[in-house]
Number of protein chains: 2
Amino acid sequence: MALDEIDKKILRLLQENAHYTLKDIANKINLSLTPVHDRVKRLEKEGVIEKYVSILNKKKLGNNLTVYCQVTLTKTTYDTSEGFNLSIMEMPEVVECNYVSGNFDYMLKIIIPDMESYHHFHQKKLSVLPEVSLINTVFVISEVKSTTVLPI
Amino acid sequence: MALDEIDKKILRLLQENAHYTLKDIANKINLSLTPVHDRVKRLEKEGVIEKYVSILNKKKLGNNLTVYCQVTLTKTTYDTSEGFNLSIMEMPEVVECNYVSGNFDYMLKIIIPDMESYHHFHQKKLSVLPEVSLINTVFVISEVKSTTVLPI
DNA sequence: ACTTTTACAGAAAAATATTCTTTTTTAGGA
DNA sequence: TCCTAAAAAAGAATATTTTTCTGTAAAAGT
């Protein structure tokens, strides 16, 4: 399942725009429809292409605040982590959650309407979790870059 | 340009899967093709739907390391920030960059093949920028959640 | 009461995806 | 060098989907 140059070209295009037609792609890489079709299906089947999604505008949906939460747990046992993870999975405001090395245990990214909503989230949803010991909030002042495009 | 419940249903579906056909959506929300078509086009035109992208598998592309870089600049002037921003935009490993409040200036998310690549990135690409004063690296040990789905 | 606008339905036309068959290319072995 | 098998690509057909057009009904404004 090694990716050749043609696969990579297709992936680069699809990362840019999931609505490129097979014909668009075929034209851009000088191939006919068939190999493009077959390769895309293969890449989907192999899981290289995970899914096709729509990217919406945060602000137009009323989500004007982004924050990073650096969370420290009470204990570092498996059960504590798992309990925390399961709770996080249920929270739509949490768009990223990574277990990390360093002075704290988790780095979360939260997208939420405003400061008031964040206050509520912090006090009523996050800090009340039994696994959570400390929360350090880093507020985003301005978004410089945000992309789903991975280096290929 | 207020979003009604039908718009929101369409957006929720498209966030899940950009390859749902208009017919799929029409069936799921009990409408005919026409209103679904018109609403999707309107949402695109208004910029609520920004783009359609393919989500690829990091690891299958050989990117096995994710890190957060907390960067402090040498100065906090506009020119310093802008210079840094422009450099960041050119770096494909940097998938997120936010100007933040707190003990450092920027929070970056880096997706990269391995520790050796990160070492190279850190030493030869990031720390050499004239605007950069300090870099604190937070390594991701395990990804718990990562979604493009915004709360609606 | 009449007109205009908005939202939706249905059908036809155009574009696209999918499948099937054929051709070309490539690599390995006699 | 030739032959064969496998892989990759082209071309053509069929099926689906998107797009456009026409029409209807309800709501809003005059």
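Chain naming here is simple, since letters A, B, ... match the order of the sequence lines and numbering starts at 1 in each.
- Nearest nucleotide to the side chain of B/K23, out of C/dA17, C/dA9, D/dT17: D/dT17.
- Computed from coordinates, the A/I25 CD1 to C/dT16 C1' distance equals 12 Å when rounded to whole Å.
- Salt-bridge check for A/E50 with B/K60: failed, with every basic side-chain N at 4.0 Å or more from each acidic carboxylate O.
- Taking atom CG of A/L43 as the reference point, atom P of D/dA8 lies 12 Å away to the nearest angstrom.
- Between A/E16 and A/R12, no side-chain nitrogen of the basic residue sits less than 4.0 Å from a carboxylate oxygen of the acidic one, so the salt-bridge criterion is not met.
- The 12-atom threshold is not exceeded at NZ of A/K23, counting heavy atoms of other residues, nucleotides or ligands nearer than 6.0 Å.
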Expected string for nucleotides 18-25 of chain C under the B/S/- scheme (protein heavy atoms, under 4.0 Å, primed atoms plus P, OP1, OP2 as sugar-phosphate) is SB------
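- Between A/D7 atom CG and D/dA7 atom P the separation is 15 Å, expressed in whole Å.
- Distance A/H19 NE2 to C/dA15 P: 18 Å, rounded to the nearest Å.
- Residue A/I6 is in sugar-phosphate contact alone, with no base atom involved, counting any heavy-atom pair closer than 4.0 Å across all strands shown.
- Considering only side-chain N and O atoms, A/R39 lies nowhere under 4.0 angstrom from the phosphate OP1 or OP2 of D/dA8.
- Atom P of nucleotide D/dT17 and atom CG of B/N27 are separated by 10 Å, given to the nearest angstrom.
- Atom CG of B/L14 is separated from atom P of D/dT18 by 11 Å (rounded to the nearest Å).
- Sequence order on DNA chain C of the closest nucleotides to A/D24 and B/P35 puts B/P35 first from the 5' end.
- Aromatic ring pairs are classed by plane angle as parallel below 30°, tilted from 30° to 60° and perpendicular above 60°; the pair A/Y118 and A/F139 is perpendicular.
- For the pair A/Y52 OH and D/dT17 C1', the interatomic distance rounds to 16 Å; values are reported in whole Å.
- Here the side chains of B/I88 and B/L126 are in contact, with some heavy-atom distance below 4.5 Å.
- Between A/Y52 and B/Y52, the ring center distance fails the sub-6.0 Å criterion.
- Look at A/D105 and A/K75 and you find no salt bridge, because none of the NZ, NE, NH1 or NH2 atoms lies under 4.0 Å from a carboxylate O.
- The CD atom of A/E5 sits 16 Å away from the P atom of D/dA8 (whole-angstrom rounding).
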